[in-house]
Amino acid sequence: MHELAVTESIIEIVSRHAAEAGARKVSAINLVIGDLSSIVDDSVQFYFDYLSEGTPSQGARLVFSRVRVLLECGACGHQWEPRSADWRCPACGASRAKAIRGREFYVDSIEVEDR
Amino acid sequence: MSTRRVPVIERIMGANDTQAADNRRIFDEHGVHVVNIMAAPGAGKTSLILETVRRLQGELRIGAIEGDVASTVDTDKVRAGGAPAVQINTGGGCHLDAKQVAQSLNEFPLDEVDLVFIENVGNLICPVGFALGEHTRVAISSVPEGDDKPYKYPKIYANVDALVINKIDLLPYLPFDLEAFQKLVRSLNPDIELFPVSCVTGEGMDAWTSWLQNLARAE
Ligand SMILES: Nc1nc2c(ncn2[C@@H]2O[C@H](COP(=O)(O)OP(=O)(O)OP(=O)(O)O)[C@@H](O)[C@H]2O)c(=O)[nH]1
Ligand SMILES: [Mg+2]
Ligand SMILES: [Zn+2]
């Protein structure tokens with residue numbers, strides 16, 4: 001499961017930004033994940049519960065914002081959200097789709113507690 | 001106690017991507033073209049590497065970095081085929097990452113090769129998310145896997161430069177619609193190069209090896 005490596009990376013990023021912000025505790029982590037990133041939310045949560053122990057992320061809520069794939073036809077410029085793996089253009093039938101949205105994969109923000 | 005929101009906007013794969021860029025610089029310094037091969041277990045990654053090495057003997061100096069969960073079986077095969085090879089054991093990891101490749105380069109004779117294959121861990125999902133510093137990404141589908149795989153694993157087909165369709169010697173025995181399969185793959189990736197081959201009969205191998213030679217020459 002590559003979610004293990006991914007979760008380690010998330011915790012590393014959050015620890016760094018929490019320290020920069022002078023916060024010792026993080027209450028929420030806002031993630032933006034495109035549907036082309038093949039990441040399973042539940043797996044990230046599973047590893048997170050283990051790996052966050054003893055870090056500022058421990059006990060934080062993981063908030064997943066999913067971004068749906070948006071395709072653009074290279075022939076006619078039509079844009080659409082595909083419903084299957086058939087990416088042929090529904091407007092002109094061309095096989096020249098490019099994903100212009102859906103590959104996002106980043107930590108958007110964190111919520112930190114000050115006391 | 002109060003809560004405040006701290007903007008981060010940092011890519012989760014950032015550390016891997018930075019290492020991959022470093023790897024790429026090393027490959028470029030040595031004038032080596034690197035091909036990352038991704039496929040399901042048993043699709044024929046090692047067979048394709050071996051057959052390519054054999055056919056390009058004396059024309060192109062080829063090496064291999066072999067990724068596997070455990071064992072050195074594939075590395076031993078490639079060495080026996082006359083090409084330098086180094087093994088990375090991921091110890092359970094489902095994909096290679098850029099750091100593992102960087103470490104393997106310490107024992108790899110980059111000056112003695114023109115082209116390096118990285119055989120990724122057998123898996124259709126995870127490897128494609130991890131850049132290794134490669135110049136070219138190739139997936140292999142094999143006929144016995146069935147012609148519906150692009151429906152189930154669209155991401156890998158959408159993110160490679162070429163797809164080798166291996167084991168076409170088995171087409172007469174299996175319900176695999178090669179035409180429909182290629183059409184489906186092209187709908188996911190209009191620019192993809194398709195190479196139907198058989199590592200057993202050698203059919204289709206010439207197109208594949210000349211494509212590789214052109215890549216290596218451009219380096
Ligand atoms: N019929 C047929 N069999 C093939 C062909 N290419 C490979 N094979 C067989 O498929 C099996 C798997 O091949 P490998 O090259 O080991 O596959 P791999 O993708 O490297 O496998 P892993 O490294 O274990 O994931 C072997 O028994 C090969 O002999 C082919 O073109 N036709
Ligand atoms: Mg192999
Ligand atoms: Zn169109």
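Each chain gets a letter, A, B and so on, in the order the sequences are listed, and its residues count up from 1.
When heavy atoms are compared at a cutoff of 4.5 Å, A:L31 approaches chain B solely by way of its side chain, counted from C-beta outward. Of the atoms belonging to B:N16, not a single heavy atom falls under 4.5 Å from chain A.
Taken from CZ in A:R88 to CG in B:L188, the straight-line distance is 10.0 Å, to the nearest 0.5 Å. How far NE2 of A:H2 is from CE of B:M13: 8.0 Å, rounded to the nearest 0.5 Å. In this structure, the separation between CG on B:L184 and OG on A:S84 is 8.5 Å, given to the nearest 0.5 Å. Rounding to the nearest 0.5 Å gives a distance of 13.0 Å between CD of A:E8 and CD1 of B:I12. Atom-to-atom distance recorded for B:R4:CZ and A:S109:OG is 12.5 Å, nearest 0.5 angstrom.
Applying the side chain to side chain donor-acceptor pair (under 3.5 Å) criterion to B:D22, with sequence neighbours excluded, gives B:R25.
For the options B:N123, B:I125, B:I9, heavy-atom pairs under 4.5 Å to chain A are most numerous at B:I9.
A:E81 CD: more than 12 foreign heavy atoms inside a 6.0 Å radius. Within 6.0 Å of atom CZ in A:R96, 12 or fewer heavy atoms from other residues, nucleotides or ligands are found, so the atom counts as exposed in its surroundings.
Residue-level contacts of residues 149-159 of chain B with chain A, in order of numbering, are B:P150, B:Y151, B:P154, B:K155, B:A158, B:N159; threshold 4.5 Å between heavy atoms. Against chain B, no residue from residues 60-72 of chain A qualifies, as none has a non-hydrogen atom under 4.5 angstrom away. Close approach to chain A, defined as a heavy atom under 4.5 Å from one of its heavy atoms, is seen in no residue of residues 99-110 of chain B.
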Exercise for the section: Please report the C-alpha distance between A:V14 and B:E10 in whole Å, then the side-chain angles of each, then the deciding distance to 0.1 Å, and finally whether the side chain to side chain contact (heavy atoms under 4.5 Å, CB included) criterion is met. Expected result: CA-CA 9 Å; A:V14 171; B:E10 183 167 328; over 6 Å; no
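In this structure the side chain of B:V8 never reaches within 4.5 angstrom of the side chain of A:E20, judged on heavy atoms.
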